[in-house]
Amino acid sequence: MTEVPERNLGLELARITESAAIAGARWQGRGDKIAADQAAVDAMRIILSTIDIDGTIAIGEGEKDEAPMLYNGEKVGTGFGPKVDVAVDPIDGTSLTAAGRPGALAVIALAEAGTMYSPGSLVYMDKIAVGPEAAGWIDIEAPVAHNLRQVAKARDKDIDDLTAIILDRPRNQPFIDAVRKAGARIRLISDGDVSGAIATAEPDSGIDILFGIGGSPEAVIAAAALTAMGGEIQCKLWPRDESEHQYAADNGHDLDKILTLKDLVSGKNIFFAATGVTDGELLQGVDFFGHGATTHSVVMRSKTGSIRFMHARHNLDRLDRLKGTLDE
């Protein structure tokens, strides 16, 4: 039996993503994505240590980034409160932050212990995601053109009025070619496929569907948000080479299985929070002024379906003094 976290943890999670976003945004446009990510990791970890949960990192910096903190299996929180799985991405879009481009987010998700999918060393997945109107209409094993026709029917649009969002990588060129051949529009993103998946369920984003191969950790985090938003994501593990095929065989990962929302996050009370690092379609980025900063965040809870957008004004001098006491 899992213990359902009945306390609304959303605002506490927002404190975590706000801290990470402010720290990471200091490095916006400076060309150093490693420094930006490390600053966000450090800030996120400090605030996370104050939250009354008995948490374990299920999706962390670990496998793909070889990070020494917020790694898979790390214990987080005070140790008091509900036992939970935690998924983090201190900056979804480190390259965007380093280049000063839009769309970077600090994100965190939380669910009952044992309910988050762990892909281990299989760090990439083939993905398709849509918002509430097209949920139940897609099939990851069907051709791209078929899925576009289905989404067009569900959304009462013509295919040439649809916009697909795709991570701009050579491995995704077949998806790009297929979308163009079908006649739909494309928005290519250089990074940040958590925000890309969420955009499919955000009414004002202009995005109808996500296609392509991206990070496995990001798929789990996006699933937490889409569960609250009523959207849908389907994924299949995508091994890069023979060694990853062997890893999947040795660890019981079925490469042919379609992973649904419930496979990725099966909890009944899932929380998601994100704060903009740089300006994007979903959230505004951090804006610094004098000794302060403003942030824009979203907090979601699957149990109630609530989605809250929050603007916050922060006194950085006071936050620095508080950080000093937490570090002691």
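FYI, the numbering just counts along the sequence from 1. Source: prediction; values computed, not measured.
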Output the distance between atom CD1 (I53) and atom OG1 (T56), rounded to the nearest 0.5 Å.
-> 9.0 Å
Pairwise distance CD(E244) to CG(N251) - rounded to 0.5 angstrom |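 That separation rounds to 11.5 Å.
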Under 3.5 Å, is there a donor-acceptor pair between the side chain of D279 and the main chain of G285?
->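 Checking the backbone N and O of G285 against the side chain of D279, a donor-acceptor pair under 3.5 Å is found.
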Hey, is the main chain of Y124 close enough, under 3.5 Å, to the side chain of S216 for a donor-acceptor pair?
->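 Answer holds: yes.
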Identify, with sequence neighbours excluded, every residue that meets side-chain contact (heavy atoms from CB on, under 4.5 Å) alongside A225.
-> I198, F272, M300
Check the surroundings of atom CG in L188: do more than 12 heavy atoms from other residues, nucleotides or ligands lie under 6.0 Å from it?
->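 Enclosed: over 12 neighbouring heavy atoms sit under 6.0 Å from CG of L188.
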With no hydrogens and no angle check, do the side chains of T295 and H314 hold a donor and an acceptor under 3.5 Å apart?
-> yes
Any donor-acceptor N or O pair under 3.5 Å, side chains E232, Q234 =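 Note: E232 and Q234 side chains meet the donor-acceptor criterion.
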Hey, are the side chains of I186 and R180 touching, using non-hydrogen atoms and a 4.5 Å cut-off?
-> yes
Any side-chain heavy atom of V298 sitting closer than 4.5 Å to one from I307?
->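 Contact flag for V298/I307 side chains = yes.
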Give a yes or no on whether a salt bridge exists between [X] and [Y], defined as a side-chain N under 4.0 angstrom from a carboxylate O.
X	Y	result
E141	K236	yes
R187	E281	yes
D193	K127	yes
D191	R101	no
K83	D54	yes

